[in-house]
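Worksheet: the structure to be examined is printed underneath.
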Amino acid sequence: MGSVVVLVGVLMALMSSCCAYDFYVGGRRGWVKHPCESYNSWAGRNRFQVHDRLIFKYKRGNDSVLVVTEADYNSCNVADPIRCYTDGNSVFQFNRSGPFYFISGAAGHCSHGQKLIVVVMATRNPIPSPPLAPAEPPYWPPPTPSLSPYPSPASAPSTAGNPPSTPLPPRPSSPASDLAVSK
């Protein structure tokens with residue numbers, strides 16, 4: 001039983017990560033001190049989801065990427081980051097929805113615009129698809145012919161000299177007569 005639970009968990013993780021996207025921060029220019037477009041404008045044009053990844057490309061040894069709190073983002077405080085990346089090709093994967101704050105760790109870069117807020121959309125449970133219609137309609141027996149001894153008015157024979165007869169009122173039905181089947 002335990003291995004089934006583990007297998008289901010692994011399959012769910014694979015399915016949820018199969019649709020993740022990589023976003024290159026800053027495009028061709030990468031993570032730079034003076035971006036052509038503010039990083040927040042760039043982020044506003046994209047839709048980020050849990051498991052998506054940000055890829056920061058920059059010159060190793062001259063810069064870094066810091067994941068920080070909102071307060072440290074607003075003040076460009078590099079002293080106490082949540083995470084620090086320095087390899088020049090840093091990858092950050094979103095593990096939850098909500099806001100994430102990034103700043104450059106190089107002196108003065110954050111105050112010159114090298115900072116980014118990304119808001120990751122809330123995860124939603126997939127909407128279950130409606131059940132498929134059956135390939136064939138359910139079987140219902142065909143209607144049985146009336147067991148009434150009286151012909152219906154449309155099929156009653158008419159005689160030229162006699163006026164049409166008045167149809168008789170319908171016979172009272174009972175549960176037993178409703179279930180009768182002709183053979």
Side-chain angles (χ1 to χ4, degrees), residues 1-140:
M1 178 67 177
S3 61
V4 171
V5 172
V6 170
L7 179 62
V8 169
V10 168
L11 288 174
M12 289 179 66
L14 288 173
M15 287 173 41
S16 65
S17 66
C18 76
C19 300
Y21 290 97
D22 288 340
F23 292 89
Y24 289 84
V25 178
R28 277 188 236 140
R29 294 195 63 203
W31 183 240
V32 296
K33 181 177 179 181
H34 297 287
C36 294
E37 172 186 29
S38 82
Y39 290 110
N40 289 338
S41 293
W42 170 82
R45 290 186 291 107
N46 291 290
R47 298 293 172 256
F48 302 96
Q49 297 185 12
V50 174
H51 302 296
D52 285 348
R53 299 182 330 161
L54 291 181
I55 299 173
F56 294 86
K57 294 208 174 257
Y58 52 93
K59 189 170 181 182
R60 184 180 184 166
N62 289 345
D63 207 343
S64 62
V65 178
L66 307 180
V67 182
V68 296
T69 64
E70 181 179 12
D72 288 345
Y73 171 88
N74 290 330
S75 64
C76 288
N77 180 10
V78 298
D80 190 25
I82 296 168
R83 294 192 81 173
C84 178
Y85 298 93
T86 59
D87 65 353
N89 189 29
S90 304
V91 178
F92 180 87
Q93 186 169 24
F94 300 114
N95 60 359
R96 63 171 174 80
S97 60
F100 289 84
Y101 303 92
F102 304 90
I103 61 173
S104 169
H109 286 210
C110 177
S111 60
H112 284 100
Q114 197 173 353
K115 56 198 280 185
L116 169 66
I117 300 173
V118 171
V119 179
V120 177
M121 296 189 313
T123 57
R124 296 179 190 254
N125 294 332
I127 298 170
S129 58
L132 297 175
E136 296 179 20
Y139 174 75
W140 296 100

D72 side, atom CG; L66 side, atom CG - distance, nearest 0.5 Å: 9.5 Å

Partner of L54 under side-chain contact (heavy atoms from CB on, under 4.5 Å), picked from V91, V25, D22, is V25

For this output row, return yes or no: ring centroids of Y85 and F56 closer than 6.0 angstrom. no

Test your reading of the model: is there a side-chain donor-acceptor pair from R45 to the backbone of N40, 3.5 Å cut-off? no

Minimal non-hydrogen separation, P35 against G113, with atom names: CG-O, 4.1 Å

Taking atom OG of S104 and atom CG of L116, what is their separation to the nearest 0.5 Å? 12.0 Å

Partner residues of S64 under the side chain to side chain donor-acceptor pair (under 3.5 Å) criterion, sequence neighbours left out: none

Sequence neighbours excluded, which residues qualify as side chain to side chain donor-acceptor pair (under 3.5 Å) partners of N74? none

Within the distance-only criterion (no hydrogens, no angle test), does the side chain of S41 pair as donor or acceptor with the backbone N or O of E37 below 3.5 angstrom? no

For K33 and G108, the nearest pair of non-hydrogen atoms, with its separation, is CE-O, 4.5 Å

Does a sphere of radius 6.0 Å around CZ in R96 hold more than 12 heavy atoms from other residues, nucleotides or ligands, not counting ones at 6.0 Å or beyond? yes

So, for D87 and S90, which heavy atoms are closest and what is the spacing to 0.1 Å? OD1-OG, 2.8 Å

What is the distance from atom CG of N62 to atom OG1 of T86, rounded to the nearest 0.5 Å? 12.0 Å

Under a 4.5 Å cut-off applied to non-hydrogen side-chain atoms, are V120 and V50 in contact? yes

Parallel, tilted or perpendicular: which describes the rings of F102 and F92, with under 30° parallel and over 60° perpendicular? perpendicular

Tell me whether the rings of Y73 and Y101 are parallel (<30°), tilted (30 to 60°) or perpendicular (>60°). tilted

Partner of I103 under side-chain contact (heavy atoms from CB on, under 4.5 Å), chosen from H109, K115, Q114: K115

Is D52 reaching over with its side chain to a backbone N or O of Q49, donor-acceptor style, under 3.5 angstrom? yes

Quick check: closest heavy atoms across I55 and N89, and the distance to 0.1 Å? CG2-OD1, 3.7 Å

Provide the closest heavy-atom pair for A43 versus V118 in the form atom of the first, atom of the second, distance. CB-CG2, 4.4 Å

Are N46 and Y21 side-chain neighbours, meaning at least one heavy-atom pair lies under 4.5 Å? no

Would you call C36 and R29 a side-chain contact if the rule is heavy atoms closer than 4.5 Å? yes

Which heavy atom of D63 sits nearest a heavy atom of A106, and at what distance? OD1-CB, 3.6 Å

Determine, step by step, whether F100 and N95 satisfy the side chain to side chain contact (heavy atoms under 4.5 Å, CB included) criterion, reporting the C-alpha distance in whole Å, the side-chain angles of both residues, the deciding distance to 0.1 Å, and the verdict. CA-CA 10 Å; F100 289 84; N95 60 359; 4.0 Å; yes

Hey, are the side chains of F48 and V119 touching, using non-hydrogen atoms and a 4.5 Å cut-off? no

